Amino acid sequence: MTDPKETINIENVVASTGIGQELDLQSVAMDLEGADYDPEQFPGLVYRTQDPKSAALIFRSGKIVCTGAKSTDDVHESLHIVFDKLRDLSIQVEEEPEIVVQNIVTSADLGRQLNLNAIAIGLGLENIEYEPEQFPGLVYRLDEPEVVALLFGSGKLVITGGKQPEDAEHAVDKIVSRLEELGLLE
Amino acid sequence: RLRKWQERIRTKDAGERNLQFALSEIDRMASALGVPRSVREVASVIYRRALKEDLIRGRSIEGVATSALYASCRKEGIPRSLEEISEVSRVERKEIGRTYRYISQELGLEMKPVDPKKYVPRFCSELELSEEVQSKANEIIETTAEKGLLSGKSPTGYAAAAIYAASLLCNEKKTQREVADVAQVTEVTIRNRYQEQIEAMGIHN
DNA sequence: GCTTTAAAAAGTAACGT
DNA sequence: ACGTTACTTTCAAAAGC
């Protein structure tokens, strides 16, 4: 049988950083092609990179949030593209701004169908949220690592809230062993 | 001092008025839904607990009152869907759902997922279907749920499909539209659940 | 609490044809 | 009865209401 850990796939990485300089978003919006800026709707300017594909939110303070990257390397690459674009606009950008990964969204497959009703009882109703009338996934919050897992009847799951790729692996390990000791896997 | 005293009375009165309003709203909605008095009483207890635990801060009184009623119906074994609840509340479905999940977690209500069979008697009686159809629908739900088909599916859609299937098997056919209307789901959902259920039951028809 | 961004999971819903 | 699009849930950061 396939180790569920091998099925883990990073779907989205969110990171924040800052260029250490305040920005006039109105002028950045004018000079930066493809920039979406509507301060009435949201204070951040939206800039999308094509390769790697991502969306950056640029703020007046110079702080930047990048989402949509498929790996931590991609999120760095995307942000460097944004840094260079800003430099092209003669904006001073620190040489190597600190980039902090804030959230990693992962998907995985346990390889077996899950009886979510039994799992809800087994894990303890006070530890989970399962409202199939509102959402098909069972929400399971782990303490270590501190992540949130969404379990589905198909055996597939989503893990979010982690800051390191290893968090997802540890989470999958814990979930698998929890379900195994409850006799709810296979 | 007099000002403080007056303010205390004012807040006490306001709190009293809010509680009275919440309880009258629970009563009004419960009447509209036609649920027994026990359900209103449990809902009132849940609301008072939410009030005591200060869970209403940042939320509307109506939202918490409606969610308390939704939780109460489920606890008493006569669930109403969020769709049905929202029809008698001025709070929208999405808000009722999220408020319910919040108070349920905070108060440790430990709500079990709704058993689709709980919807069978009411839906069948609205459709004027016989006891035989009800039994058959319950059997279909029981059997297919054991085979794992229920995971992640909405209880109303699941019950609706089983009722539709049972009505066919018992020669008391109701159309997907008729069943969909009483269960407040789409025909598409009934079709999808129905196909899975009859396949799992090994029914050819 | 809200606003915006991205992404997966699976179910449900609302369109158009 | 299809197909497409879109909404539900989870997460985090940003600035400001």
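We use all heavy atoms of the structure for the numbers below, so side chains are in, but hydrogens, waters and symmetry mates are not. Letters A, B, ... mirror the listed sequences (proteins, then strands); counts begin at 1. No experiment lies behind these values; they were computed from the predicted model shown.
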Asker: Only one of A:Leu86, A:Asp36, A:Leu32, A:Val28 passes side chain to side chain contact (heavy atoms under 4.5 Å, CB included) with A:Tyr47; say which it is.
Answerer: A:Leu32
Asker: Membership question, hydrophobic clusters at under 4.5 Å side-chain separation (ILVMFWY): are A:Ile104 and A:Val147 in the same one?
Answerer: no
Asker: Measure from the side chain of A:Ser154, starting at C-beta and using heavy atoms only, and say which of C:dA9, D:dA13, D:dT9 lies closest.
Answerer: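 Minimum distance to the A:Ser154 side chain belongs to C:dA9.
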Asker: Who passes ring pair (Phe, Tyr, Trp, His ring centres under 6.0 Å) against B:Tyr119, sequence neighbours left out?
Answerer: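 In terms of ring pair (Phe, Tyr, Trp, His ring centres under 6.0 Å), with neighbours along the sequence ignored, B:Tyr119 is linked to B:Phe123.
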Asker: Under 4.0 Å from OP1 or OP2 of C:dA6: is there any side-chain N or O of A:Lys70 that close?
Answerer: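 No, no such contact exists.
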Asker: Quick check on C:dA13: is either OP1 or OP2 less than 4.0 Å from any side-chain nitrogen or oxygen of B:Thr189?
Answerer: yes
Asker: Any N/O pairs under 3.5 Å between the protein and nucleotides 1-3 of chain D? List them or say none.
Answerer:
residue	atom	partner	partner atom	Å
D:dA1	OP2	B:Arg191	NE	2.7

Asker: For A:Arg60 and D:dG16, is the shortest distance between a side-chain N/O and OP1 or OP2 below 4.0 Å?
Answerer: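 Yes.
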Asker: Take the protein atom CG of B:Asp181 and the nucleotide atom P of C:dA13, then report the distance between them rounded to whole Å.
Answerer: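 Rounding to the nearest Å, CG of B:Asp181 and P of C:dA13 are 12 Å apart.
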Asker: Under a 4.0 Å heavy-atom cut-off, which of residues 36-52 of chain A touch DNA chain C?
Answerer: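 Hits under 4.0 Å, by residue number: A:Gln41, A:Phe42, A:Arg48.
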Asker: If you measure from the C1' atom in D:dC2 to the same atom in C:dA9, how many Å do you get, rounded?
Answerer: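 It works out to 24 Å between them.
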Asker: Evaluate A:Asp88 against A:Lys85 for salt bridge (charged side-chain N to carboxylate O under 4.0 Å, His left out), listing each step before the verdict.
Answerer: CA-CA 5 Å; A:Asp88 288 347; A:Lys85 284 289 181 186; 5.1 Å; no
Asker: B:Arg101 and A:Gln134: side-chain hydrogen bond (donor to acceptor under 3.5 Å, both in side chains), yes or no, with the steps?
Answerer: CA-CA 10 Å; B:Arg101 277 180 280 142; A:Gln134 299 185 57; 3.1 Å; yes
Asker: Taking only side-chain N and O atoms of A:Ser107, does any of them lie within less than 4.0 angstrom of OP1 or OP2 on C:dA9?
Answerer: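 For C:dA9, neither OP1 nor OP2 has a side-chain N or O of A:Ser107 closer than 4.0 Å.
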Asker: Does atom CZ of B:Arg37 have more than 12 heavy-atom neighbours, drawn from other residues, nucleotides or ligands, at distances under 6.0 Å?
Answerer: no
Asker: For the side chain of A:Thr160, counting heavy atoms from C-beta on, which of D:dT10, C:dA6, D:dA14 is nearest?
Answerer: D:dT10
Asker: Verify the contact: side-chain N or O of B:Ser154 to OP1 or OP2 of C:dT12, cut-off strictly under 4.0 Å; return yes or no.
Answerer: yes
Asker: Side-chain N or O of A:Ser16 less than 4.0 angstrom from OP1 or OP2 on D:dA14?
Answerer: no
Asker: Looking at B:Glu131, I'd like to know if its CD atom is crowded, meaning that more than 12 non-hydrogen atoms belonging to other residues, nucleotides or ligands lie closer than 6.0 Å.
Answerer: no
Asker: Distance check needed: D:dT10 P versus A:Ile104 CD1, whole Å only.
Answerer: 20 Å
Asker: Rounded to the nearest Å, what distance is computed from the CG atom of residue A:Asp74 to the P atom of nucleotide C:dA7?
Answerer: 12 Å
Asker: Over how many whole Å does the gap from A:Asn103 atom CG to C:dA8 atom C1' extend?
Answerer: 12 Å
Asker: Which residue is it: A:Val139, A:Val148, A:Leu150, A:Leu138? I am looking for the one with a side chain to side chain contact (heavy atoms under 4.5 Å, CB included) to A:Glu129.
Answerer: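 It is A:Val139; the other options fail the test.
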Asker: At under 4.0 Å, does any side-chain N or O of A:Lys163 touch on OP1 or OP2 of D:dA12?
Answerer: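 Negative; the distance criterion is not met.
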Asker: Has B:Arg193 got a side-chain N or O lying under 4.0 Å from the OP1 or OP2 atom of C:dG11?
Answerer: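 For C:dG11, neither OP1 nor OP2 has a side-chain N or O of B:Arg193 closer than 4.0 Å.
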Asker: In terms of side-chain geometry, is the basic nitrogen of B:Glu84 or B:Arg122 positioned less than 4.0 Å from the acidic oxygen of its partner?
Answerer: yes
Asker: Has B:Arg101 got a side-chain N or O lying under 4.0 Å from the OP1 or OP2 atom of D:dT9?
Answerer: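 Affirmative; the distance criterion is met.
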Asker: Please determine if B:Arg59 forms a cation-pi arrangement with B:Tyr102, meaning its NZ or CZ atom is less than 6.0 Å from the six-membered ring centre and no more than 45° off the ring axis.
Answerer: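 Judged by the rule (NZ or CZ under 6.0 Å from the ring centre, within 45° of its axis), B:Arg59 counts as positioned above B:Tyr102.
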